[in-house]
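Here the structure comes first, spelled out in structure tokens, and everything after it is commentary.
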Amino acid sequence: MSAEESSQAGPPPQLVRTLVEGPAPVASLEWHAEVDSTNVRAAELARAGAPEIAVVGAEHQSAGRGRMGRVWSAPPRSSLTFSLLLRPPVAAEALPLLPLLAGLALAEVAGRYCTQVEVGLKWPNDLLIDGRKAAGVLVESAEAGAVVVGIGLNTDWRGIERWDELADAISLAEASQFPIDRWRVLAALLGVFAQRYEVFKDLPAAFLDGYRARCLTIGRAVRVERVAGEPLLGEAVGVDASGALEVRDAAGTLHRLSAGDVHHLR
């Protein structure tokens, strides 16, 4: 990371102008030194009538959140933490596909940088690089039909001490063994997501074949911690058209899970 990058709290103005005024359908981009949560700020913009795709990023989130109620935390300038405000003109049953769409965009961009190791997804949207978590997605509903897609991507954690559940985290710089310009990563990620999202609005499930090809959960023995009930043990055999994970247990029963915390078993 260059001295200029380390002292800069936000994307270069030229990049912001390119994203907002260029061909990518980004309506606005604001970046904060600190907010409680970029998802919360994006929801505020939704209530104020902001159009899609509004982007809110931050160097530090004092109350960042991940899936299943987890805390999301990252050292300042080590990661990209941002949220997208969307107003998807699709049926309600298609909305659960958005987390998978965001995960696919993450995997596609990460794969450009990390060419010597395996890059894929743990259902529904955890980015795994060389088997270690590098990013996650949290999608939440907002008012007036809006949806907020929160993304946290580790870009450069070289020399950073891990703690607790982040002990096995990895970043793009560590996996690629090259310095990472996180603003280029941001531009690439917004571009790939926007392209996928434009297709999604007309054909919500069109991306699923690409997702399945990137999903490392399919074909694995798994344990799924469910919101209610006992954990489910079995083999993940597919992802259906709604985005649900299909797991076959030892008795041969097929379960379709729309939510849950998946653990890959060795």
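The model shown is predicted, which means the values in this text are computed figures rather than measured ones.
Applying the side chain to side chain contact (heavy atoms under 4.5 Å, CB included) criterion to Asp130, with sequence neighbours excluded, gives Val117. Applying the salt bridge (Lys or Arg N to Asp or Glu O under 4.0 Å) criterion to Arg248, with sequence neighbours excluded, gives no partner residue. With sequence neighbours left out, Arg132 forms a salt bridge (Lys or Arg N to Asp or Glu O under 4.0 Å) with Asp168. Scored by the salt bridge (Lys or Arg N to Asp or Glu O under 4.0 Å) test, Arg17 finds no partners at all (sequence neighbours excluded). Applying the salt bridge (Lys or Arg N to Asp or Glu O under 4.0 Å) rule to Asp240 yields the partners Arg256; only residues at least two apart in sequence or on another chain are considered. Here Ala110 pairs with Val119, Leu127, Ile129, Leu172 under the side chain to side chain contact (heavy atoms under 4.5 Å, CB included) rule; sequence neighbours left out.
Counting heavy atoms from C-beta on, the side chains of Val239 and Leu100 come closer than 4.5 Å. Between Pro88 and Val147 there is a side-chain heavy-atom pair separated by less than 4.5 Å. Contact check for Gln61 versus Glu34: no side-chain heavy atoms found under the 4.5 Å cut-off. When side chains are defined from C-beta on, Pro204 does not count as touching Glu93, because their heavy atoms never get closer than 4.5 Å. Two residues are said to be in side-chain contact when any heavy atoms from C-beta on lie closer than 4.5 Å; Tyr113 and Val185 meet this criterion.
In the hydrophobic clustering of this structure, Phe207 groups with Leu86; members are Ile, Leu, Val, Met, Phe, Trp, Tyr whose side-chain heavy atoms approach within less than 4.5 Å, directly or through other members. When the side chains of ILVMFWY residues are joined at heavy-atom separations under 4.5 Å, either directly or via intervening members, Val90 and Val148 end up in two distinct hydrophobic clusters. Leu121 and Leu97 fall within the same hydrophobic cluster, where Ile, Leu, Val, Met, Phe, Trp and Tyr residues are linked whenever their side-chain heavy atoms come under 4.5 Å apart, directly or through other members. When the side chains of ILVMFWY residues are joined at heavy-atom separations under 4.5 Å, either directly or via intervening members, Leu245 and Val237 end up in two distinct hydrophobic clusters. Linking ILVMFWY residues whenever their side-chain heavy atoms come closer than 4.5 Å, directly or via other members, leaves Leu29 and Val56 in distinct clusters.
Scanning all heavy atoms of the two residues, the minimum distance from Val224 to Val222 falls at CG2-CG2, 4.0 Å. Here the closest heavy-atom approach between residue Ile170 and residue Ala175 is recorded as CD1-CB, 4.0 Å. Between Pro99 and Asn125 the shortest heavy-atom distance is CB-ND2, 3.1 Å. In plain terms, the two heavy atoms of Leu45 and Ala54 that are nearest each other are CD1-CB, 4.4 Å. The shortest non-hydrogen separation linking Leu216 to Glu118 is CD2-OE2, 3.6 Å. Residues Thr38 and Ser83 come closest through the heavy atom pair OG1-OG, 2.6 Å.
Remark: the backbone N or O of Glu230 is paired with a side-chain donor or acceptor of Arg226 at under 3.5 angstrom. Of the possible donor and acceptor atoms, one in the side chain of Lys122 sits under 3.5 Å from a partner among the backbone N and O of Val262. With hydrogens and angles disregarded, a donor-acceptor distance shorter than 3.5 Å links the side chain of Arg87 to the backbone of Ala46. In this structure, Ser171 contributes its side chain and Trp157 its backbone to a donor-acceptor pair below 3.5 Å. Checking side-chain atoms of Thr155 against main-chain N and O of Ser78 turns up a donor-acceptor pair under 3.5 Å. Judged by distance alone, with hydrogens and angles left aside, the side-chain atoms of Tyr211 form no donor-acceptor pair with the main-chain N or O of Ala205 at under 3.5 Å. Trp123 places no side-chain N or O within donor-acceptor distance of the main-chain N or O of Gly238, the cut-off being under 3.5 Å. A distance-only check finds a donor-acceptor pair linking the side chain of Thr18 to the backbone of Gln14 [under 3.5 Å].
A distance of 3.0 Å separates OG1 of Thr217 from NE2 of His264, quoted to the nearest 0.5 Å. Rounded to the nearest 0.5 Å, atoms CD (Glu198) and CG (Leu203) are 12.0 Å apart. Rounding to the nearest 0.5 angstrom, the gap separating the CG atom in Leu101 from the CG atom in Leu95 is 12.0 Å. Note: Thr81 OG1 to Leu153 CG = 10.0 Å, rounded to the nearest 0.5 Å. Distance check: Asn39 CG to Glu44 CD gives 11.5 Å after rounding to the nearest 0.5 Å. Put simply, CZ on Arg196 and CG on Leu98 are 13.5 Å apart, with the number rounded to the nearest 0.5 Å.
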Start with the C-alpha gap between Leu190 and Phe82, add the side-chain angles, then the distance that decides, and say whether side chain to side chain contact (heavy atoms under 4.5 Å, CB included) holds. CA-CA 11 Å; Leu190 291 176; Phe82 64 98; 4.0 Å; yes
With side chain to side chain contact (heavy atoms under 4.5 Å, CB included) as the test, would you mind laying out the steps for Glu235 and Arg220 before giving the verdict? CA-CA 6 Å; Glu235 179 187 359; Arg220 294 287 296 267; over 6 Å; no
Show the numbers, then the answer: is there a side chain to side chain contact (heavy atoms under 4.5 Å, CB included) between Tyr197 and Ile53? CA-CA 10 Å; Tyr197 180 63; Ile53 298 173; 4.3 Å; yes
With side chain to side chain contact (heavy atoms under 4.5 Å, CB included) as the test, would you mind laying out the steps for Leu254 and Val247 before giving the verdict? CA-CA 6 Å; Leu254 185 66; Val247 177; over 6 Å; no
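Heavy-atom neighbours of Arg47 CZ from other residues, nucleotides or ligands within 6.0 Å: above the threshold of 12. The number of heavy atoms from other shown groups lying within 6.0 Å of CD (Gln116) does not exceed 12.
Comment: Arg214 does not engage Glu108 in a salt bridge, judged by the lack of any side-chain N to carboxylate O separation of less than 4.0 angstrom. For the pair Arg212 and Glu246, the salt-bridge criterion is not met [side-chain N within less than 4.0 Å of a carboxylate O].
No hydrogens or angles considered: a donor-acceptor pair under 3.5 Å links the side chains of His32 and Glu30.
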